[in-house]
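Everything below concerns the one structure shown next.
The chains referred to below are lettered A, B, ... by the order of the sequence lines, with proteins before strands, and numbering in each begins at 1.
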Protein chains: 2
Amino acid sequence: MHRDTRQRRAIRRVFTETARPLSPDDVLELAQRSVPSLGLATVYRNIRRLHDDGWLAEVELPGGGMRYELAARPHHHHFLCRACDQAFDVHNCPESVEELAPDGFTVEGHELILFGLCAACS
Amino acid sequence: MHRDTRQRRAIRRVFTETARPLSPDDVLELAQRSVPSLGLATVYRNIRRLHDDGWLAEVELPGGGMRYELAARPHHHHFLCRACDQAFDVHNCPESVEELAPDGFTVEGHELILFGLCAACS
DNA sequence: GGTTCTTCGAGAATATATTCTCAAGCCCGA
DNA sequence: TCGGGCTTGAGAATATATTCTCGAAGAACC
């Protein structure tokens, strides 16, 4: 059964309060503000469990390493800043983008990534 | 100075004759048809050099591991088959996709990835 | 408060992709 | 043809991300 530990609460809170994909290191840094003794292994353990439970979704962007976001978020895309390497949500989606596939291909989903400089780095 | 070895010729030919992004393992397998003794280290060495020379472009798609394609190819996107894990080119691009970014963000490029089943796996 | 069983923290261990090492081989200009 | 030095092949080594190990800590339940 799932116990409600300080560490797990802090990690969940980081995801609900931060509206962008987070890497395990991001989560460690942010959650340590609540629980300074938090260890990286605990972050990985909890991310894995939250993902297995369907509460977190994986986001794989260029740059190595998986990021995670709340699975319940509505369809959206991402912007990746080449300066600070942070990912941001883009709440627009080009219509009918899945019709671009070659004939004979079955499209099940799509991902759009914009690259550049975020507002803070511009 | 760059010597024109059998191995390097075989690797370059694989890229010019295959119109989709290739992983180092793909290149090894395809180029070994011309040079059976080819080793993986040689594939990595030559890919790196061809990339440094600007002849190859990196393509990073979900699934771990970099893929490469000819840098000279015109703007296009990719389709990733979830069954065979091969990537294919998509020669269409949604217009004005870079205008979707939030205010204050500077967009320098974009990548669109379609997921599903390729023609052979459908 | 005591018991039980999950979870934690820290470092070791593992997985995977890529690069390095080095002796042997081959390209290419002389 | 010859020789220097770039290149190769194979396995060792490295880099990085993630998971495992294990003794200690701490939730949940009585």
| said: Parallel, tilted or perpendicular, judged at 30° and 60°: which one describes the rings of His110(A) and His77(A)? | reply: tilted
| If only side-chain N and O atoms of Arg8(B) are considered, is one of them under 4.0 Å from the OP1 or OP2 phosphate oxygen of dT7(D)? | yes
| note | Here the distance between atom P of dT16(D) and atom CG of Asp85(A), to the nearest Å, is 14 Å
| task | Could you check Asp25(B) against Arg6(B) and say which one's nearest nucleotide on DNA chain C is further toward the 5' end? | result | Asp25(B)
| said: Of the listed nucleotides (dT18(D), dT18(C), dC8(C)), which one gets closest to any side-chain atom of Met66(B)? | reply: dT18(C)
| query | Considering heavy-atom distances to DNA chain C, does Val35(A) or Thr5(B) have its closest nucleotide positioned more toward the 5' end? | reply | Val35(A)
| remark: Whole-Å distance, Arg49(B) CZ to dT7(D) P, equals 4 Å
| Expressed in angstrom and rounded to an integer, what is the separation of His2(B) atom NE2 from dG5(D) atom P? | 17 Å
| note | Atom CD1 of Ile47(A) and atom P of dT7(C) are separated, to the nearest Å, by 16 Å
| task | Please name the residue in the list Leu40(A), Thr42(A), Ile47(A) that meets the side-chain contact (heavy atoms from CB on, under 4.5 Å) test with Tyr44(A). | result | Leu40(A)
| field | Per Tyr44(A) side chain, nearest of listed nucleotides dT19(D), dT18(C), dT7(D) | value | dT19(D)
| task | Over 60° means perpendicular and under 30° means parallel, so classify the ring planes of Phe88(B) and Phe105(A), tilted if in between. | result | perpendicular
| said: Among dC8(C), dA28(D), dC28(C), which nucleotide has an atom closest to any side-chain atom of Asp4(A)? | reply: dA28(D)
| Leu40(A) side-chain proximity, nearest of dA10(C), dC6(D), dT18(D) | dT18(D)
| remark: When rounded to whole Å, the CG to P distance for the pair Asn46(B) and dT18(C) reads 15 Å
| Do Arg3(B) side-chain and dG5(D) base share a donor-acceptor contact under 3.5 Å? | yes
| Nearest-Å distance for atom pair NE2/C1', residues His51(B) and dT18(C) | 14 Å
| task | Measure the distance from CZ on Arg48(B) to C1' on dT7(D) and round it to the nearest whole Å. | result | 14 Å
| field | Main-chain N/O of Ile113(B) paired with Glu111(A) side-chain donor or acceptor, under 3.5 Å | value | no
| said: Without decimals, in angstroms, what is the distance between Leu50(B) CG and dT18(C) C1'? | reply: 16 Å
| Among dG9(C), dT7(D), dT18(D), the nucleotide that comes nearest once only the side chain of Gln7(A) is considered | dG9(C)
| field | In one Ile/Leu/Val/Met/Phe/Trp/Tyr side-chain cluster, 4.5 Å: Val14(B), Trp55(B) | value | yes
